[in-house]
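Heavy atoms only: backbone and side chains are in, while hydrogens, waters and symmetry mates are out. Sequence positions, counted from 1, serve as the residue numbers for this chain.
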Amino acid sequence: MVAKKSAYEESRQKRMEENKKRMEALNLHKLSQALKIPSPAKPSPMKRSKPRVVEKQVVVVRRSSRVANKPAPVLKEVVLDRVVIPRRISKPRNLSNRVYATDEARAKAMEKAEKLQSNLGSDHPIFIKSMLQSHVTGGFWLGLPVDFCRRSLPRKDGVITLIDEDADEYQVIYLARKNGLSGGWKGFAVAHGLLDGDAVVFQLIKPTALKVYIIRVNGSEQGNSL
């Protein structure tokens with residue numbers, strides 16, 4: 001065993017010497033030493049960004065040929081005062097003096113109005129309205145027959161003239177979408193003392209003018225040509 005080991009050691013030693021000579025011949029030892037020593041890293045040069053150059057030019061603003069030769073307008077700050085609309089305070093209505101027509105009196109007034117309507121003929125569009133409290137003492141809004149409005153009155157809001165028995169004219173606001181008379185109707189109703197139950201005949205004599213005939217619920221009539 002000792003003899004075999006010695007022979008192995010001799011053979012191993014011989015190979016190591018041969019390998020060492022080969023490395024020396026190829027300078028592998030120096031190369032390995034050179035690889036172990038790190039070379040100082042050179043800092044990479046920073047890319048310098050060029051400063052942005054903003055070119056300023058004087059540009060002539062285009063103006064309309066109509067105002068090109070005129071001086072530029074001078075603008076001033078104007079402080080506007082806030083417009084405050086005073087709050088409207090409605091007073092309670094006194095409804096104790098309302099006069100309500102009986103069904104019999106209302107029907108009688110309508111009967112007389114229909115007779116007057118037939119006497120006026122059919123040359124001009126005509127309709128009858130029996131007055132209610134909302135027409136003469138409440139909201140003072142007078143709704144008109146829808147068919148009459150669509151056939152005979154303008155399709156847009158506007159002013160309609162009511163002509164009474166003395167040929168006096170009253171301007172009232174007609175609301176086409178609501179088919180009724182609004183502003184100005186109160187003045188007409190109050191001026192003529194209209195009451196609940198009165199029958200009023202309206203006859204269209206012009207596109208925006210109505211002649212008015214009043215049949216009183218208390219028996220008096222105004223059936224003359226107005």
Side-chain angles (χ1 to χ4, degrees), residues 84-120 124-226:
V84 179
I85 301 176
R87 183 177 179 181
R88 183 178 179 182
I89 301 176
S90 58
K91 297 180 179 180
R93 296 174 181 171
N94 183 11
L95 305 180
S96 60
N97 57 352
R98 276 187 171 183
V99 178
Y100 292 88
T102 63
D103 293 339
E104 182 180 359
R106 185 183 298 275
K108 190 173 182 179
M110 283 295 295
E111 182 180 353
K112 293 180 180 180
E114 290 170 356
K115 183 178 179 180
L116 174 61
Q117 179 182 8
S118 62
N119 294 334
L120 293 175
H124 300 282
I126 192 169
F127 68 92
I128 304 172
K129 285 290 294 186
S130 179
M131 296 293 100
L132 304 174
Q133 292 293 346
S134 59
H135 301 152
V136 296
T137 61
F140 290 99
W141 159 263
L142 183 67
L144 307 182
V146 177
D147 293 340
F148 180 88
C149 294
R150 291 179 178 176
R151 291 196 313 266
S152 307
L153 296 182
R155 296 185 178 181
K156 295 182 179 180
D157 298 348
V159 177
I160 289 182
T161 302
L162 302 180
I163 306 174
D164 68 4
E165 59 180 335
D166 297 324
D168 292 332
E169 297 183 355
Y170 293 79
Q171 306 294 323
V172 297
I173 302 299
Y174 170 65
L175 301 180
R177 289 180 294 178
K178 296 185 177 181
N179 302 309
L181 303 182
S182 181
W185 168 250
K186 178 180 179 180
F188 181 88
V190 172
H192 293 80
L194 294 180
L195 299 176
D196 179 65
D198 287 348
V200 182
V201 181
F202 296 87
Q203 185 182 34
L204 186 70
I205 58 174
K206 294 180 182 179
T208 57
L210 292 166
K211 291 178 67 173
V212 181
Y213 304 84
I214 301 174
I215 308 297
R216 301 292 180 179
V217 70
N218 57 12
S220 62
E221 301 181 14
Q222 296 177 358
N224 300 324
S225 178
L226 305 182

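Within the model, atoms CD of Glu169 and CG of Leu210 stand 11.5 Å from one another, a figure rounded to the nearest 0.5 Å. With rounding to the nearest 0.5 Å, the separation of CG in Leu142 from CZ in Phe202 is 5.0 Å. Remark: Ile163 CD1 to Tyr213 OH distance equals 9.5 Å, nearest 0.5 Å. Distance CD1/Ile205 to NE2/His124: 7.5 Å, rounded to 0.5 Å. Taking CG from Asp166 and NE2 from His192, the interatomic distance works out to 7.0 Å, rounded to the nearest 0.5 Å. How far CG of Leu195 is from CG of Leu132: 12.5 Å, rounded to the nearest 0.5 Å.
Side chains of Met110 and Asp198 form no contact here, defined as non-hydrogen atoms less than 4.5 Å apart. In this structure, the side chains of Pro145 and Asp147 stay at 4.5 Å or more apart for every pair of heavy atoms. Using a 4.5 Å heavy-atom cutoff, the side chains of Leu204 and Leu153 are in contact. Taking 4.5 Å as the limit, every side-chain heavy atom of Glu111 sits out of range of all side-chain heavy atoms of Ile215. Leu181 has its side chain within reach of Tyr174: a pair of non-hydrogen atoms, C-beta onward, lies under 4.5 Å apart.
Nearest approach of Asp196 to Met131, heavy atoms of both residues: OD1-O, 3.3 Å. Between Ala109 and Gly197, the shortest heavy-atom contact is CB-O, 3.7 Å. The shortest non-hydrogen separation linking Pro125 to Phe148 is CB-CE1, 3.4 Å.
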(message) Between Leu194 and Ile214, does the side-chain contact (heavy atoms from CB on, under 4.5 Å) criterion hold? Intermediate values first, please.
(response) CA-CA 9 Å; Leu194 294 180; Ile214 301 174; 3.8 Å; yes

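The backbone N or O of Leu144 sits nowhere less than 3.5 Å from a side-chain atom of Asn179 that would complete a donor-acceptor pair. In terms of modelled atom types and a separation under 3.5 Å, the side chain of Arg106 and the main chain of Ala199 share no donor-acceptor contact. Judged by distance alone, with hydrogens and angles left aside, the side-chain atoms of Asp157 form a donor-acceptor pair with the main-chain N or O of Ala176 at under 3.5 Å. With Lys129 contributing its side chain and Gly143 its backbone, the two residues share a donor-acceptor pair below 3.5 Å. Side-chain atoms of Trp185 come within 3.5 Å of backbone N or O of His135 as a donor-acceptor pair.
The side chain to side chain contact (heavy atoms under 4.5 Å, CB included) test with Gln171 singles out one residue from Thr161, Ile160, Leu162, Thr208, and that residue is Thr161.
Annotation for Asn119: atom CG counts as buried by contact number, over 12 foreign heavy atoms lying within 6.0 Å.
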